[in-house]
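A short write-up of the structure that comes next.
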Amino acid sequence: MRQVVSPGSTTGPYFPREFSDGSEDLTRREAHTARGQHLLLTGRVLELGAKPTWNMVLEIWQPDANGIFRHPLDARATEADPGFWGWGRARTAQDGWYRFKTVLPGTYGGRSPHINCAVLGIGLTRRLLTTIFFSDAPDAARDPVLDCVSDPALRRRLFAQRDPSLDEAGLPAYRFDIILRGEGETPFFVD
Amino acid sequence: MELWQANAAGKYIHEMDDHVAPLDPNFTGQGRLVTDEDGRYQVFTIKPGAYPVLYSGWWWRPPHIHFSIVGSSWMNRFVTQIFFPGEPLNEKDLLLNAVPDKDVRERLIFEYTDTVMGDFSYIGYRRDFVLRGHRRTPEIA
């Protein structure tokens with residue numbers, strides 16, 4: 001029987017905030033604490049004219065500190081860190097800030113350390129996808145996804161910046177602003 | 001699968017909802033589930049109320065339930081909203097009617113089904129979802 005694709009739509013404004021409760025912290029799973037370097041990933045989601053967005057939903061997923069995904073397609077999934085779930089969700093506050101507690105992702109298969117990020121919310125008819133890279137030397141980083149972006153200025157926008165002014169309780173902060181449109185626009189995947 | 005909806009009075013538990021209708025202390029309006037090995041899902045809920053949208057002009061949203069579906073990886077995210085059959089407000093809804101093709105709109109409306117779920121106090125509605133495939137190697141703009 002021929003199956004026809006269901007039409008999609010935006011999340012609208014009323015995506016339950018409870019769906020995000022507790023999921024901003026990826027460093028704990030069941031009774032275990034994640035291995036590796038814990039960090040704060042934070043920043044603002046801005047729309048055209050650098051206006052902060054309120055109520056945008058961010059979802060991230062990443063491998064653990066050893067570069068292993070808790071997913072059946074990862075050949076090393078059985079060795080995944082018992083303290084790390086690998087997925088999180090946060091929402092932007094009225095001033096546009098979001099905040100995740102996670103670990104510095106490990107590397108695997110020729111990839112540079114990175115966190116995958118999806119943005120959903122009112123006004124976004126398609127979920128937006130980008131990749132957040134971590135490196136002390138962004139211009140020297142080599143990664144097949146990063147290499148799809150040839151302009152060095154655009155590439156640098158895909159790196160989280162170490163920002164000690166945002167450190168909290170011994171956690172080093174990395175800042176990654178997501179600019180949906182306009183000057184400094186974040187490079188997104190084409191769906 | 002995650003779903004969320006207004007209560008019977010057309011009110012969501014959400015700080016952005018400024019509709020004057022009351023909250024229902026016995027209804028959260030949200031749920032999560034995992035489909036079984038045949039891809040089936042089943043939810044017990046109440047029919048949501050209509051509510052007014054007070055910006056972009058104004059109109060009444062017909063009763064609808066929001067669905068967010070995630071496949072075997074978080075890449076397969078699908079979001080939509082499903083409406084109820086025979087609702088007069090369906091004809092006027094800007095979101096439902098943003099889908100220009102009537103046959104396609106039909107796929108956003110539940111079908112009545114006389115399959116009995118639980119006991120006879122629940123009306124049965126059915127909606128199958130067909131998820132889009134996606135290219136394995138996305139491009140970056």
Side-chain angles (χ1 to χ4, degrees), chain A residues 1-19 54-55 57 59-62 69 71-74 86-89 91 93-94 116-118 120-122 124-131 144-151 154-155 158 185-191, chain B residues 2-6 11-19 28-32 48 51 53 55-56 61 64 66-70 72-83 95-96 98-101 103-109 127-135 137-141:
Chain A
M1 195 182 125
R2 185 170 164 263
Q3 297 291 337
V4 190
V5 170
S6 306
S9 92
T10 86
T11 54
Y14 305 131
F15 191 80
R17 68 172 311 141
E18 289 79 3
F19 281 171
W54 178 25
N55 200 34
V57 178
E59 291 175 346
I60 60 171
W61 66 103
Q62 64 170 95
F69 284 95
H71 190 282
L73 287 178
D74 191 317
W87 179 87
R89 180 186 274 155
R91 290 182 354 140
Q94 225 160 331
N116 302 292
C117 178
L120 303 101
I122 186 167
L124 292 178
T125 51
R126 305 293 298 265
R127 150 218 69 168
L128 296 172
L129 284 177
T130 191
T131 308
V145 172
L146 182 65
D147 288 345
C148 298
V149 183
S150 46
D151 180 341
L154 288 180
R155 287 167 68 100
L158 292 173
E185 185 175 301
T186 305
F188 295 106
F189 282 93
V190 175
D191 245 342
Chain B
E2 291 175 321
L3 52 142
W4 67 103
Q5 62 169 91
K11 179 83 174 173
Y12 290 89
I13 302 178
H14 197 285
E15 74 273 24
M16 291 187 103
D17 188 345
D18 47 14
H19 182 29
T28 66
Q30 53 189 268
R32 277 184 172 145
Y51 59 87
V53 177
Y55 44 83
S56 310
R61 301 275 354 255
H64 62 275
H66 297 266
F67 289 84
S68 147
I69 303 171
V70 173
S72 57
S73 92
W74 291 98
M75 297 290 279
N76 309 95
R77 164 64 72 125
F78 176 73
V79 178
T80 196
Q81 41 188 297
I82 303 298
F83 298 80
L95 298 182
L96 176 57
V99 177
D101 184 332
D103 292 341
V104 181
R105 282 203 299 277
E106 290 296 320
R107 302 203 291 272
L108 291 175
I109 299 174
R127 175 45 48 202
D128 289 349
F129 296 99
V130 180
L131 302 184
R132 190 188 301 265
H134 66 88
R135 285 171 274 168
T137 313
E139 299 161 17
I140 286 189

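Quick note on labels: first sequence line is chain A, next is B, and so on, each numbered from 1. In what follows, every heavy atom counts, from backbone to side chain, and hydrogens, waters and symmetry copies are set aside.
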With only heavy atoms counted, which part of [X] is less than 4.5 Å from chain A, the side chain, the backbone, both or neither?
{"X": "B/R105", "result": "neither"}
{"X": "B/L96", "result": "neither"}
{"X": "B/D128", "result": "backbone"}
{"X": "B/Y12", "result": "side chain"}

N/O donor-acceptor pair under 3.5 Å between B/R32 side chain and A/F19 backbone: yes
[X] versus chain B, heavy atoms under 4.5 Å apart: side chain, backbone, both or neither?
{"X": "A/F15", "answer": "both"}
{"X": "A/L124", "answer": "neither"}
{"X": "A/T10", "answer": "backbone"}

Straight-line distance of [X] [atom1] to [Y] [atom2], nearest 0.5 Å:
{"X": "B/K11", "Y": "A/Y14", "atom1": "NZ", "atom2": "OH", "value": "8.0 Å"}
{"X": "B/E2", "Y": "A/R89", "atom1": "CD", "atom2": "CZ", "value": "4.0 Å"}
{"X": "B/S68", "Y": "A/R127", "atom1": "OG", "atom2": "CZ", "value": "10.5 Å"}

Residue among B/H66, B/Q5, B/Q81, B/R127 with most heavy-atom pairs under 4.5 Å to chain A: B/Q81
Nearest heavy atoms of B/H14 and A/R17, plus distance in Å: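 Smallest interatomic distance, heavy atoms only, reads CD2-N, 4.5 Å.
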Shortest non-hydrogen contact from B/M16 toward A/P13: SD-O, 4.2 Å
